**Student:** 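The structure follows.
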Amino acid sequence: MPINFLPKRGQILMCDYTKGFIEPEMQKVRHCIVISPERRTGLCLVVPLSTVPPQTPQAYHYKLPRGIYPCLECGTDVWVKGDMLTHACFARLDRPKENGRFATVHLRSVHLDAVVNTVLAAIGYPVKITTVAAKLSTAQDSSTNGKLKLASLAAIADVIESKDDKE
């Protein structure tokens, strides 16, 4: 299962949490997202994903939009658990599978920004408004075949951010 490459920020991987963790910590193999930059230390920072929705969603939770990342499609919503940030050694990590084959998958930047904001919220930092753009990425718009264009989302986020800066 160990990876033999430097994982990149935003990369979706599988992490084996079965060894060395104690309840109520995670204790199974699950998807995670790398949030640290490439490092040659044999470790990276990861945020786990879960199909169990939070009882009450908080700023440190984020629901990834469906239909964008085939390796995460499981018939239910997938949640980022920003409050469960951990470091993982490369020996715990592997690539996810798509159609039975190992895949290299990276989050879109708007979703990665939202994931980083969940971690910031978990450690008490204010969440940036760009999370709004990520949440809107699943909004429906019949003129674009069911999805808003990401360029439009970025423009919306810029307008909201500039409004917040003036207030």
Side-chain angles (χ1 to χ4, degrees), residues 1-22 24-54 56-74 76-98 102-138 150 153-154 157-158 160-161 164:
M1 181 171 186
I3 59 173
N4 59 2
F5 58 89
L6 297 176
K8 296 184 180 341
R9 183 189 307 256
Q11 189 164 5
I12 299 171
L13 295 172
M14 299 299 297
C15 186
D16 182 354
Y17 292 100
T18 62
K19 300 173 189 125
F21 286 88
I22 302 169
E25 297 169 334
M26 293 167 288
Q27 296 187 325
K28 61 183 179 179
V29 177
R30 65 171 63 221
H31 288 92
C32 66
I33 298 168
V34 177
I35 65 163
S36 56
E38 282 185 41
R39 296 184 178 155
R40 296 186 184 280
T41 61
L43 296 168
C44 62
L45 292 172
V46 297
V47 176
L49 304 179
S50 178
T51 57
V52 176
T56 305
Q58 303 292 326
Y60 48 81
H61 297 122
Y62 172 65
K63 184 171 67 172
L64 286 165
R66 286 189 182 185
I68 297 176
Y69 307 105
C71 68
L72 298 178
E73 289 304 316
C74 58
T76 188
D77 292 329
V78 175
W79 289 85
V80 174
K81 305 286 187 160
D83 59 330
M84 298 183 86
L85 170 73
T86 190
H87 67 277
C89 68
F90 293 177
R92 287 186 187 271
L93 303 173
D94 203 354
R95 292 176 294 158
K97 289 189 176 180
E98 288 182 2
F102 288 108
T104 301
V105 184
H106 294 86
L107 290 183
R108 293 178 180 179
S109 61
V110 68
H111 301 142
L112 178 58
D113 288 347
V115 171
V116 170
N117 281 336
T118 67
V119 173
L120 291 174
I123 62 172
Y125 281 81
V127 177
K128 289 255 191 205
I129 197 68
T130 53
T131 302
V132 171
K135 289 180 180 177
L136 289 173
S137 70
T138 58
L150 288 179
L153 295 172
D158 288 343
I160 294 169
E161 282 184 76
D164 284 350

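These figures come from a predicted structure and were not determined experimentally. Positions are given from 1 along the sequence. The figures here come from the full heavy-atom set of this structure, side chains too, leaving out hydrogens, waters and symmetry mates.
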**Student:** From Ile33 CD1 over to Lys81 NZ, what is the distance, rounded to the nearest 0.5 angstrom?
**Tutor:**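 Ile33 atom CD1 to Lys81 atom NZ measures 13.0 Å (nearest 0.5 Å).
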**Student:** What is the minimum heavy-atom distance between Cys74 and Thr51, and which atoms define it?
**Tutor:**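 In terms of heavy atoms, the two residues are closest at SG-CG2, 3.6 Å.
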**Student:** What heavy-atom pair brings Pro48 and Arg30 nearest, and what distance separates the two atoms?
**Tutor:**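 The pair with the smallest heavy-atom distance is CB-CD, 3.6 Å.
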**Student:** So does Phe21 get a backbone contact from the side chain of Gln27, meaning a donor-acceptor N/O pair under 3.5 Å?
**Tutor:**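 Between the backbone of Phe21 and the side chain of Gln27 there is a qualifying donor-acceptor contact (under 3.5 Å).
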**Student:** Can you tell me how far apart CE (Met14) and CG (Asp94) are? Round to the nearest 0.5 Å.
**Tutor:**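 Separation between the atoms: 8.5 Å.
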**Student:** Do Arg108 and Ile68 have side chains that approach each other closer than 4.5 Å (heavy atoms only, starting at C-beta)?
**Tutor:**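 Yes, close enough: below the 4.5 Å cut-off.
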**Student:** With rounding to the nearest 0.5 angstrom, report the OG1 to CG distance, Thr41 to Leu6.
**Tutor:**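 Between atom OG1 of Thr41 and atom CG of Leu6 there are 8.5 Å.
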**Student:** Can you find a heavy atom in the side chain of Glu98 that is under 4.5 Å from one in the side chain of Glu73?
**Tutor:**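 Result no, sub-4.5 Å side-chain heavy-atom pair not found.
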**Student:** Given the rule in the side chain to side chain contact (heavy atoms under 4.5 Å, CB included) test, do Leu93 and Cys32 qualify, once you have shown the distances and angles that lead to the verdict?
**Tutor:** CA-CA 9 Å; Leu93 303 173; Cys32 66; 4.2 Å; yes
**Student:** Are the side chains of Val119 and Tyr125 in contact, using a 4.5 Å heavy-atom criterion?
**Tutor:**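 Counting from C-beta outward, Tyr125 and Val119 never come under 4.5 Å.
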**Student:** Give the minimum heavy-atom separation between Pro7 and Leu13, together with the two atoms involved.
**Tutor:**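 Heavy atoms only, the tightest pair is CB-CD1, 3.9 Å.
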**Student:** Would you call Leu107 and Val115 a side-chain contact if the rule is heavy atoms closer than 4.5 Å?
**Tutor:**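 The answer is yes, as the side chains (C-beta and beyond) meet within the 4.5 Å cut-off.
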**Student:** Would you say Ser50 and Val78 make side-chain contact, with heavy atoms under 4.5 Å?
**Tutor:**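 Side chain of Ser50 against side chain of Val78, heavy atoms only: no contact under 4.5 Å found.
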**Student:** What's the separation between atom NE2 in His61 and atom OG1 in Thr56, rounded to the nearest 0.5 Å?
**Tutor:**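 So the NE2 of His61 and the OG1 of Thr56 are separated by 9.0 Å.
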**Student:** For Ala122, which residues count as a side chain to side chain contact (heavy atoms under 4.5 Å, CB included) partner, sequence neighbours excluded?
**Tutor:**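 Checked Ala122 against side chain to side chain contact (heavy atoms under 4.5 Å, CB included); matches are Tyr60, Asp83.
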**Student:** Any heavy-atom pair between the side chains of Trp79 and Leu49 that's under 4.5 Å?
**Tutor:**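 A side-chain contact under 4.5 Å is absent here.
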**Student:** Taking all non-hydrogen atoms of both residues, which atom of Arg9 and which atom of Ile35 are closest, and how far apart?
**Tutor:**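 Heavy atoms only, the tightest pair is NH1-O, 2.9 Å.
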**Student:** Please tell me if the side chains of Cys44 and Arg39 come closer than 4.5 Å, counting only heavy atoms from C-beta onward.
**Tutor:**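 The answer is no; the side chains never approach within 4.5 Å.
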**Student:** Could you tell me whether Lys97 sits above the aromatic face of Phe102, with NZ or CZ closer than 6.0 angstrom to the six-membered ring centre and within 45 degrees of the axis?
**Tutor:**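 Judged by the rule, Lys97 and Phe102 form a cation-pi pair.
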**Student:** Starting from the C-alpha separation in whole Å, work towards a yes-or-no answer on side chain to side chain contact (heavy atoms under 4.5 Å, CB included) for Gln11 and Val105.
**Tutor:** CA-CA 6 Å; Gln11 189 164 5; Val105 184; over 6 Å; no
**Student:** What is the distance from atom CZ of Arg66 to atom CG of Leu64, rounded to the nearest 0.5 Å?
**Tutor:**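 Here the interatomic distance stands at 11.5 Å.
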**Student:** Any donor and acceptor pair, going by atom type alone, linking the side chain of His31 with main-chain N or O of Cys71 inside 3.5 Å?
**Tutor:**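 Such a contact is found between His31 side chain and Cys71 backbone.
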**Student:** Using the side chain to side chain contact (heavy atoms under 4.5 Å, CB included) rule, take Arg95 and Phe5 through it: C-alpha gap first, then chi angles, then the decisive distance, then the call.
**Tutor:** CA-CA 10 Å; Arg95 292 176 294 158; Phe5 58 89; 3.8 Å; yes
**Student:** So how far is it from Leu43 CG to Arg92 CZ, rounded to the nearest 0.5 Å?
**Tutor:**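 Taking CG in Leu43 and CZ in Arg92, the distance rounds to 10.0 Å.
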**Student:** Which residues pass the side-chain hydrogen bond (donor to acceptor under 3.5 Å, both in side chains) test with Thr18, not counting sequence neighbours?
**Tutor:**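 Applying side-chain hydrogen bond (donor to acceptor under 3.5 Å, both in side chains) to Thr18 gives Asp16.
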**Student:** Side chains of Tyr69 and Pro96, heavy atoms from C-beta outward: is any pair under 4.5 Å?
**Tutor:**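 No. Closest side-chain heavy atoms not under 4.5 Å.
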